[in-house]
Every structure is written in C-alpha cells, then in structure tokens.
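Just so we're on the same page: letters track the sequence lines, and every chain starts at 1. Note that the coordinates shown come from a computational prediction; the quantities given were computed from them, not determined experimentally.
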Number of protein chains: 2
Amino acid sequence: MLWQSIRNSPPRANASACVSGGSAVTWALVTARIEEVAERAGVAVSTVSRALRDVPGVSLATRQRIKDIAAEVGYLASPNAARLATGVTGTVAVVVPDAAKWFFGQVISGAGAVLRASGRDVLLYELGDAEGRRRFFEGKTLRGRADAVLVLSLRLSTEETQSLRTLGLPVVLLGQGSEVFGSVRVDDRAAARSAVRHLLNLGHRRIGLIGIDDADEVTTGSTPPLSRLAGYRQSLLAAGIPLEEDLEQFGTNSVSGGELAMTRLLSAPALPTAVFVGSDEMAFGALGVLRTAGMTVPRDISVIGFDNHDLSQVMDLTTIDQNIRGQGEAAAELLLETLSTALGTAPPDRIIDTRLVLRRSTAPPADIPTSSKKEET
Amino acid sequence: MLWQSIRNSPPRANASACVSGGSAVTWALVTARIEEVAERAGVAVSTVSRALRDVPGVSLATRQRIKDIAAEVGYLASPNAARLATGVTGTVAVVVPDAAKWFFGQVISGAGAVLRASGRDVLLYELGDAEGRRRFFEGKTLRGRADAVLVLSLRLSTEETQSLRTLGLPVVLLGQGSEVFGSVRVDDRAAARSAVRHLLNLGHRRIGLIGIDDADEVTTGSTPPLSRLAGYRQSLLAAGIPLEEDLEQFGTNSVSGGELAMTRLLSAPALPTAVFVGSDEMAFGALGVLRTAGMTVPRDISVIGFDNHDLSQVMDLTTIDQNIRGQGEAAAELLLETLSTALGTAPPDRIIDTRLVLRRSTAPPADIPTSSKKEET
DNA sequence: CTGAAAGCGCTTACAG
DNA sequence: CTGAAAGCGCTTACAG
C-alpha cells in the first residue's frame, strides 16, 4: 500500500513529472529549478548561478538575497546539468581489485573520508577478476564519470597506462610506484628488512620466508611482494647468512595461502626458528598450522607478519604497521592537490612510514643457535 | 616531464578543448559526439541515438551501419548528457556506516558485483559518524545522483525514512526490516536460537551471552543485536533454564568489545560453561581473553560466534554463517527488480538462510552439569 | 554588477 | 522507418 504510493504518487506539494526511462515508467520528483529562484529574486538565472557558487561578480546584497531564497525553496543545482555544462563531475573513481578484502576496505575508507570532506562523490569500481580488469581498461569506463582516479595495488601494463592517460584525468596509484602517475606507498623493502632484522637481533639465524606469490589474477605483477622478498634476502645476506631455497615458500595472499606455505616450511630439511610472513592474513594461516602441528609460538618458532591487521593484536602477532588507512588518506589528498594545482615535472611519489609492532609471536630462539650457519644441505 | 605533458597536452590525434572549471584550467579530451556519427552515417542524430540504444524503430540495416561507424570512431554517449536528458543515472548508491568493517566490505563486494553485471555504477556513501549520518539524510545528497539506494544496517528514523522517500527512488534496506522499503536480512532470532540450542544439545546449562550493545554511534538502534539477544533468551527459557543477568554482557561490535565483555563474564559469580557471542569479531576478542586467562577452549568453556567471518576458520570458531555476500547480492537483485518492475502492494522482505558451522570451539561441558540449574545467587 | 543567449550532448515526442 | 526541433537544467563568454 505504502509501497505502491511511493512508486506512483510522490508526496504532494511537489510537482511531479512522468519520465519514461527504459522499460518501466518511473516517477521523478521535480524540485525547484534555477529559473524559479531567479524569478523569485527578480534576477536572471545567470546571476543566480553566480551567486550560489560564490563566483565573483555579484553584489553582496543580491548574493545574500539569492542565497536566502534558494534556501527557502530548497534549491539545489541539478548535478547532471552542472556536469554537462562544465564537464566537472565532482566525483573521484576508486578502482579496487576486491572490496571485500581487508586491505582494500581500509584504503577505501581512508580515501573516502578525505574525498567526502572535500565534497566529492566516490565511485567504486571493483575489478573482481582478470576479465573485469580487462573490461575496465578496454572500455572507456570512466569517461565523463569522474574527475580523477585512484588505482589500488595494480601494476599497470603499458596499454592500461595508456588507457588511463587517454582519459586526461589525474591518476594516483596506491601501493605501486609509477613513472607516469602520482603514487603513494610504503618502502616495502626497507620494512621487510627491519622485520627480518628484528628476528636477527633476537638471535635467529635460520629465518624462513612466507611470501606472497603472483597467482592472484588481478593484482598479479604488483611490486610489494617482490620488494618484501628482496628485503628479506638483503637482510639475511647483510648478516652473512646464505639464502636457502627450502626456507622460502610462497602462497596466495590469504589465510589458506599462509597455511599451505607454512605446511611446506614444516617439511623443510631443517626447520627455521623464525618466519617472516608477507602479510598478516597469511601469518594467521601460518599460526593456525603451527597450532595444529602442536608447535608453540614463539617458543618453537617465531612469526612476524606485515600489515598490522585489525586482528593481529588479538592474535598476538608481531608485525609491520604500514598505516593502510593513512595511505588511503594520503592518496586522496594527493589526488585533490593534483586537481587544484598544476603540478611540476615529475609525478609525485609519497612514501608513508612503517613501523615494527612488537607482540608476543617473536622471541629469541629456544636454543641459542651458534652452529646453524653451517647446517645447510 | 611526462607528468606535465599529461596535464597540458593530451595525446594528439584527439581534438582537445580548454574548459575552465573551478580555480584551475583543465584540459578535457573531446571524443566523438553523436553528431559526428550521424554525419558519417548520413542520418539524423535521433536515428543514431535510437540505433545505439536498441530502441525499436530503426531498420536492421541502418542500425548495423550506425553501430559499425560508432565502433569505428569509438563513440560512447556522454553519460552526463544522457542523464540530463533522461533523468536516469545508471547509478546505484550504497550507503554504508563504515567501509573498513569486514561485514560491510562483504556486502559492498556482493552487491557491487551484481550491480556492475547489470551495467550500473556504484556510488559509495560512507556515513562515518553520527554527524556524517545527519548530513547525509539532511541534505538531499542523493538527488539526481542515483536511480536506487541500498542502505546497510541502519535503523531509519521517521525523518530519515521521509528523507529517502522524498527522493522518489527505490530503496532496499539490508539487515533491517521495514514497513516502507524493501529489505533483505536473516532471521537473527531463529539463528541465535539455533546457536544456543547447539550448546544446549551438547549438554550445557550455564550459557552466557556476549551481546552487541547499542553504543555504535551510526548503527545504533538496528535490530540484529536485539533479535539475537531475544533468540538467546527464548532458547534458554524453552529449555527451562532461567535467565541470569550476570551471564549477559554487552560490548561494542569489535574485538575489544568482545574482550571487555568476556572479561566481565569471567568475574561472574559462577562461570558459564559456554558463551554465545553476537558476532565473530567479538568472539575473537573473547577467545583472546580466555587464552590470556589460561583457559582452554572448548575444554573449559565453549564459544560460538555469529557471522562466519573469513578468519573464523583459522580461529577454529563454531559460528552461524549468515552468507553476508549473498545478502549483498540479494539486496542488489531486489533493487534491480524494483527498478524494472512495478512492484505490488507490500514492500518485499527477503530472508536469507543461515546455518550452523561446526568447528572446534564448542564441545560438551567437561563435567556434566546436573546441579547447575539451582546455582543462582 | 547584471542579463540575454548560446552551448554542453544527449533523448524524445511529434510529424511525416 | 526517419528527421527536425524542443527540451533536459545548468554555466559562461559576451555585451552592457
């Protein structure tokens, strides 16, 4: 009853018009237009337009009068008309592989808060799978829909880069450097080094790695996994510890990926006394496997993650905080700056700080390893 | 260098125009307009418009020729012009308290997939805090920006309901029933009953509750917390077990909320042998506290959650799966149906199935409790 | 400081 | 089946 009345008879005291859109006839409320405000104020529509947008060239008196009348009749400029006239959408597109993943949720929320504070709308594009990614970049999906684009955790191919450039919009990448677009990210390599150094400083010499492999069909090729691996290796080598293939296991960036990799690590010729894991979610999986195997963390093995996931505290996981929400905020801010300033020559590249968060999944190895260096196969 | 050229000199072989928008002068690429296609095809623009949108009334031959030419010149109708002309935006607004929370990420992703498959854009509105919620509903934020609205986990006040109705758009609520709008949700009460019945069937008689309290400034007043509480009480009473105030503790829907509530439960006059927790995230917090207290789950105490969170498997948490992504999908589908069909009299209310997921956080109580019934203070 | 008019790029009765 | 014209509701040179 009520339902029907909503669809078919909009509240009175509002003019209504019948617009046939698509298959169904829908009712759309018609609210005050600029013309009505102009008539009431006894001025031209152009003056109303200028007054309401605080464009210079209107006397203070008329401007105020127009504003009052606009507020009175509840006038709001039609976004679509304004967009058509100016070409400015007041919208920022956020392109994300998968909104259901914790990492991207943090970024979306952080970036969204900044964008909303600037009065902009957020258009969310979720790639989903490789096919979705292809469709997004092939079609000119964004044309006329956004003023700027924030792209998360994607290593863009030449064609994709070109496709974005053709849009003519400012683009900022998150989690990935770029020669062409602005970027916000952390120094993954340095962060990984400090994680492994923490383990070294505790006295560990046999340190395993659970890395993020490249199997994800959407984020494939992105650099953080590689940089974290490189940081791990650098730290070991700098400490004079040779790399061991058996101690490096990889999996998808997920709990189950961590479980599988840790399981493989447990069947290594000689167990590591500590493991650096490429993401907290993988570390959760690793912790689960260790528990199942009857091993105690950190007594039998130390584990350090990467992210500072919401749940890493309750899991008591030592990890690297990479301020993900802050990265999202910084990326949005950079985008807004780019929108209002003519930027210089090089695309800006902002590096966000990381920090080690100590919890109780790391500790000195049980038996001080003095001979472990020479234990290789 | 490259950067500058992006902003100032769009790729050649594309016409370009200088549009002054706001403070800065920006370049916008001008791509083919409908007129160009019409000229090339030797027809009127109206024919092109009809041909490209598969509107009947164009001969097959001309339609195909026009489509070919459009593809050739890469013509795509300007979304803003089409919107202004039709009033249809091809966009659905998703209104969410906090995109960073796991629950909402699932919904956004599920609903988004369905909406994208239908060719629609997703406009994300994150309320953030009470002030954000107020702003959203006071201003006619959505006017002219969306064809339909999906509202997550909000118990709407009369004014907010009215504000949405004034928009004249189809609205679907998720996680909340409504007299006015369509809704998708689970039967929280029945699900809670089955959770508690599981504990009863295992032989538990002293069953505690960790409930979601109403402190969240945005989602305050939503019914799932109340329904789950009601289901808990119903199950106990149906089993002839009197309620005990000390065994009901509440907290914010978060890990720390679960920690605090479990801590209070641990200082109850007599410990429960099992606890039903209103959400998995709270259950994670509860598990953490129990571990810290040196108690073993499920030997000393059984814990059952609600959600089937991604991480509940690795936490080995028995829980109620409520198919959150499925709820998001169903809500989006309902919205699309509403958009294309003139719906009947009553707002549709779709109930999604829940199911018990058995893991190893629940087990029969250690000592069979025969006298516990009379242990109250 | 203000206004009349053109224009943004489509869609849709209306007429043929 | 096709076209000419009006209209969607703004903004912005241009002229005064």
Side-chain angles (χ1 to χ4, degrees), chain A residues 15-23 25-26 28-39 41-66 70 73 75-90 143-145, chain B residues 15-23 25-26 28-39 41-66 70 73 75-90 143-145:
Chain A
S16 63
C18 180
V19 180
S20 84
S23 49
V25 172
T26 57
L29 291 188
V30 174
T31 52
R33 288 149 305 154
I34 195 171
E35 206 184 336
E36 184 175 341
V37 178
E39 275 169 13
V43 294
V45 294
S46 46
T47 305
V48 174
S49 174
R50 284 187 281 250
L52 260 26
R53 287 174 307 129
D54 286 325
V55 171
V58 183
S59 77
L60 248 65
T62 33
R63 190 185 295 276
Q64 194 50 58
R65 187 158 46 88
I66 290 170
V73 300
Y75 171 76
L76 238 64
S78 150
N80 293 326
R83 285 171 189 176
L84 180 56
T86 62
V88 176
T89 63
R143 228 211 53 205
R145 298 177 202 274
Chain B
S16 61
C18 180
V19 179
S20 85
S23 48
V25 173
T26 57
L29 291 187
V30 174
T31 52
R33 289 149 305 153
I34 195 171
E35 205 184 338
E36 184 174 340
V37 179
E39 274 169 14
V43 294
V45 292
S46 44
T47 304
V48 175
S49 173
R50 284 187 283 250
L52 261 25
R53 287 174 306 130
D54 285 324
V55 171
V58 182
S59 77
L60 247 65
T62 32
R63 191 186 296 277
Q64 194 50 58
R65 187 160 45 89
I66 289 171
V73 300
Y75 170 76
L76 240 66
S78 150
N80 293 326
R83 284 171 189 176
L84 180 56
T86 62
V88 176
T89 63
R143 230 211 51 206
R145 297 176 201 273

Heteroatom pairs (N/O) under 3.5 angstrom, protein to nucleotides 3-5 of chain C:
unit_1 : atom_1 : unit_2 : atom_2 : d
C:dG3  : OP2    : A:A44  : N      : 2.8
C:dG3  : OP2    : A:T47  : OG1    : 2.8
C:dG3  : N7     : A:S46  : OG     : 3.4
C:dG3  : N7     : A:R50  : NH2    : 2.8
C:dG3  : O6     : A:R50  : NH1    : 3.2
C:dG3  : O6     : A:R50  : NH2    : 3.3
C:dA4  : N6     : A:S46  : OG     : 3.1

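Between B:R143 and A:L76, the closest heavy-atom pair is NH2-O, 3.2 Å. For the pair A:I34 and A:Y75, the tightest heavy-atom approach, listed with the atom from each and the gap, is N-CE1, 3.3 Å. The two residues B:V88 and B:R83 come nearest to each other via the heavy atoms O-CG, 3.3 Å. Across all their heavy atoms, A:V48 and A:A38 have their closest contact at CG2-CA, 3.6 Å.
Each of C:dT11, C:dC10, D:dG9 was ranked by its minimum atom distance to the side chain of B:S49; first place goes to C:dT11.
Where DNA chain D pairs in unbroken runs of 3 or more (Watson-Crick or G-U, both distances under 3.5 Å), the stems are C:1-3 with D:14-16, C:5-12 with D:5-12, C:14-16 with D:1-3.
Residues satisfying the side chain to side chain donor-acceptor pair (under 3.5 Å) test with B:E39, not counting sequence neighbours, are none. B:V58 is linked by a side-chain contact (heavy atoms from CB on, under 4.5 Å) to B:T47, B:R50, B:A51, B:T62, B:R63, counting only residues two or more places apart in sequence or in another chain. With sequence neighbours excluded, the residues satisfying side chain to side chain donor-acceptor pair (under 3.5 Å) with A:R53 are A:S49.
Atoms CG (B:L84) and C1' (C:dT12) sit 13 Å apart, rounded to a whole Å. Taking atom CZ of B:R145 as the reference point, atom P of D:dC10 lies 12 Å away to the nearest angstrom. The CD atom of A:E36 sits 17 Å away from the C1' atom of D:dC8 (whole-angstrom rounding). Atom-to-atom, CD1 of B:I34 to P of C:dC10 comes out at 6 Å; the value is rounded to the nearest Å. B:E35 has its CD atom 10 Å from the P atom of C:dG9, to the nearest Å.
Listed for the B:R65 side chain is a donor-acceptor partner under 3.5 Å among the backbone atoms of B:A41.
Looking at residues 52-66 of chain B, you'll see B:R53 sit with a heavy atom under 4.0 Å from some atom of DNA chain C.
For the atom pair A:T89 OG1 and A:L84 CG, the distance stands at 12.5 Å (nearest 0.5 Å).
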